[in-house]
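Each residue takes its place number in the sequence, starting with 1. Start at 1 and go down the list; that is how both ligands and their atoms are numbered. As the structure is a prediction and not an experimental result, all values here were calculated from the model.
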Amino acid sequence: MLKKITTAASVIALCALTACGSGSGGAGTGSSGDTITMGFAQVGAESGWRTANTKSVQDEAKAAGIDLKFSDAQQKQENQIKAIRSYIQQKVKVIAFSPVVETGWDTVLLEAKRANIPVILTDRAIDSDDTSLYKTFLGSDFVEEGRKAGDWMVANATGPTNVVELQGTTGAAPAIDRKKGFEEKIASKPDIKIVASQTGDFTRSGGKQVMEAFLKSQPKIDVVYAHNDDMGLGAIEAIKAAGKVPGKDIKIITVDAVKDGMTALSNGEINFIVECNPLLGKQLMDLAKKVVKGEEVPARVVTEEGTFTQEQAKAALPKRQY
Ligand code: GZL
């Protein structure tokens, strides 16, 4: 698991970066003045969150004058590794990627290091003892996101509560950590039990299929904890098909706060959403410019994000960018 830098250091890092981000501007050039080329190996296009994240990276690269080479791995680690190797061969100035799973990256990142190409982790972390393989990790604290979901569960449980969990991609940092944070919080109330837990791979179809199976196998389901909105939206389809009312007969907690999720929250089909900010593009480009110039950057840059109730979603929806 990524070694945690103290929260204070992360917050300072966030403020420092945000400040310099507003003042930086200028074309995306390295110390030699030539255009920065960035190789970005994206996870895939599995969710509304991923679509918003991709748009943010592409838009902000353009705004920063950075030449972006972009690949979609269709949620396969071997495709991301191939893309990183291709960027090394193309001698890009910097590589950024969102690791689809936490492990299996040391070999290819060592190749990037030997080619003197700095690497930035964005969105998801890797589980490696060798922190020299990347310059920084920009993204959310997924354990904290799980804790926020667990806090809502504890505060809103009224007696014995059976929870079914729709996990994200097996081995992915957000899946591992959102589970960890949620379980940490519900441990304080023994009558809240996770009676079934299975991956829906962060997709709407995956969430629907797993929820259909849970509805058949579980005699009593009170709450769904979905690691992202898309799986929660799939669960809503399954719950309705079973003749039950989502948000009432079976309450739903999700993570992300993309537009479709917030719409379901505002109309009462979801009960609580923990935000996970996909708009990482600006911070990523600011970090890339610094890294290419050989400037020091924080080891960890945490993104800012909140939570939404049904009432808060109604107010926030008109202003949401994604
Ligand atoms: C979280 C991100 C997750 C989202 C999902 O930072 O990696 O992957 O929560 C997405 O929607 O598929």
Side-chain angles (χ1 to χ4, degrees), residues 1-2 10 40-57 72-77 79-80 96-103 105 120-127 136-149 165-182 199-208 210 224-236 252-265 270 272-281 283-284 300-308 320 322:
M1 201 61 57
L2 180 77
S10 302
F40 190 94
Q42 181 59 291
V43 167
E46 73 283 359
S47 63
W49 189 98
R50 190 63 57 199
T51 304
N53 177 248
T54 290
K55 186 175 184 311
S56 173
V57 169
D72 169 341
Q74 292 160 344
Q75 288 191 278
K76 291 183 174 56
Q77 181 174 32
N79 290 345
Q80 281 193 301
F97 78 115
S98 168
V100 61
V101 292
E102 284 193 336
T103 56
W105 302 102
I120 297 174
L121 299 183
T122 163
D123 167 29
R124 298 183 184 178
I126 66 172
D127 182 5
T136 183
F137 165 47
L138 160 65
S140 307
D141 180 341
F142 302 128
V143 178
E144 191 52 34
E145 290 174 349
R147 290 190 186 111
K148 290 174 184 174
E165 182 180 30
L166 299 172
Q167 292 186 41
T169 302
T170 303
I176 293 166
D177 288 352
R178 285 171 185 166
K179 180 172 188 54
K180 182 178 172 190
F182 186 80
T199 181
D201 211 16
F202 281 131
T203 64
R204 203 172 292 207
S205 59
K208 182 179 178 187
V210 174
V224 178
Y225 170 44
H227 290 183
N228 81 332
D229 290 353
D230 291 73
M231 292 190 293
L233 293 163
I236 286 171
I252 300 178
I253 308 166
T254 69
V255 185
D256 275 351
V258 295
K259 193 156 280 183
D260 288 352
M262 293 286 273
T263 303
L265 179 62
I270 290 178
F272 187 68
I273 298 187
V274 177
E275 184 182 29
C276 179
N277 187 349
L279 305 181
L280 305 177
Q283 287 173 290
L284 173 58
R300 177 80 171 88
V301 179
V302 183
T303 46
E304 292 184 1
E305 48 208 25
T307 58
F308 292 94
R320 297 293 285 179
Y322 57 91

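- The pair Lys148-Glu145 fails the salt-bridge criterion, with no side-chain N (NZ, NE, NH1 or NH2) lying under 4.0 Å from an Asp/Glu carboxylate O.
- The only member of Asp230, Asn228, Asp229 that meets side chain to side chain donor-acceptor pair (under 3.5 Å) when paired with Thr254 is Asp229.
- Within the 4.0 Å heavy-atom shell around ligand 1 one finds Cys276.
- Between Phe272 and Phe308 the shortest heavy-atom distance is CD1-O, 3.3 Å.
- Under a 4.0 Å heavy-atom criterion, Arg178 is in contact with ligand 1.
- The distance from ligand 1 to the heavy atoms of Phe202 drops below 4.0 Å at these ligand atoms: 5 (C), 12 (O).
- Of all atoms in ligand 1, numbered sequentially from 1 with element shown, those under 4.0 Å from a heavy atom of Ser47 are 5 (C), 10 (C), 11 (O), 12 (O).
- In terms of polar-atom proximity, defined here as any N/O pair under 3.5 Å, Arg50 does make such a contact with ligand 1.
- Among protein heavy atoms, the minimum distance from atom 3 (C) of ligand 1 is reached at Arg124 NH2, 3.7 Å.
- Between Arg178 and Glu165, no side-chain nitrogen of the basic residue sits less than 4.0 Å from a carboxylate oxygen of the acidic one, so the salt-bridge criterion is not met.
- In this structure, Pro174 has a heavy atom closer than 4.0 Å to ligand 1.
- For ligand 1, the atoms closer than 4.0 angstrom to any heavy atom of Phe142 are 1 (C), 6 (O).
- Given atom 12 (O) of ligand 1, the protein heavy atom at minimum distance is Glu46 OE2, 2.6 Å.
- One distance of note links CD of Gln42 with CD of Gln80; it measures 7.5 Å at 0.5 Å rounding.
- For the ligand labelled ligand 1, residue Asp256 lies inside the 4.0 Å heavy-atom shell.
- Residue contact annotation: Val255 has no non-hydrogen atom under 4.0 Å from ligand 1.
- Protein heavy atom at the shortest distance from atom 2 (C) of ligand 1 is Asp123 OD1, 3.3 Å.
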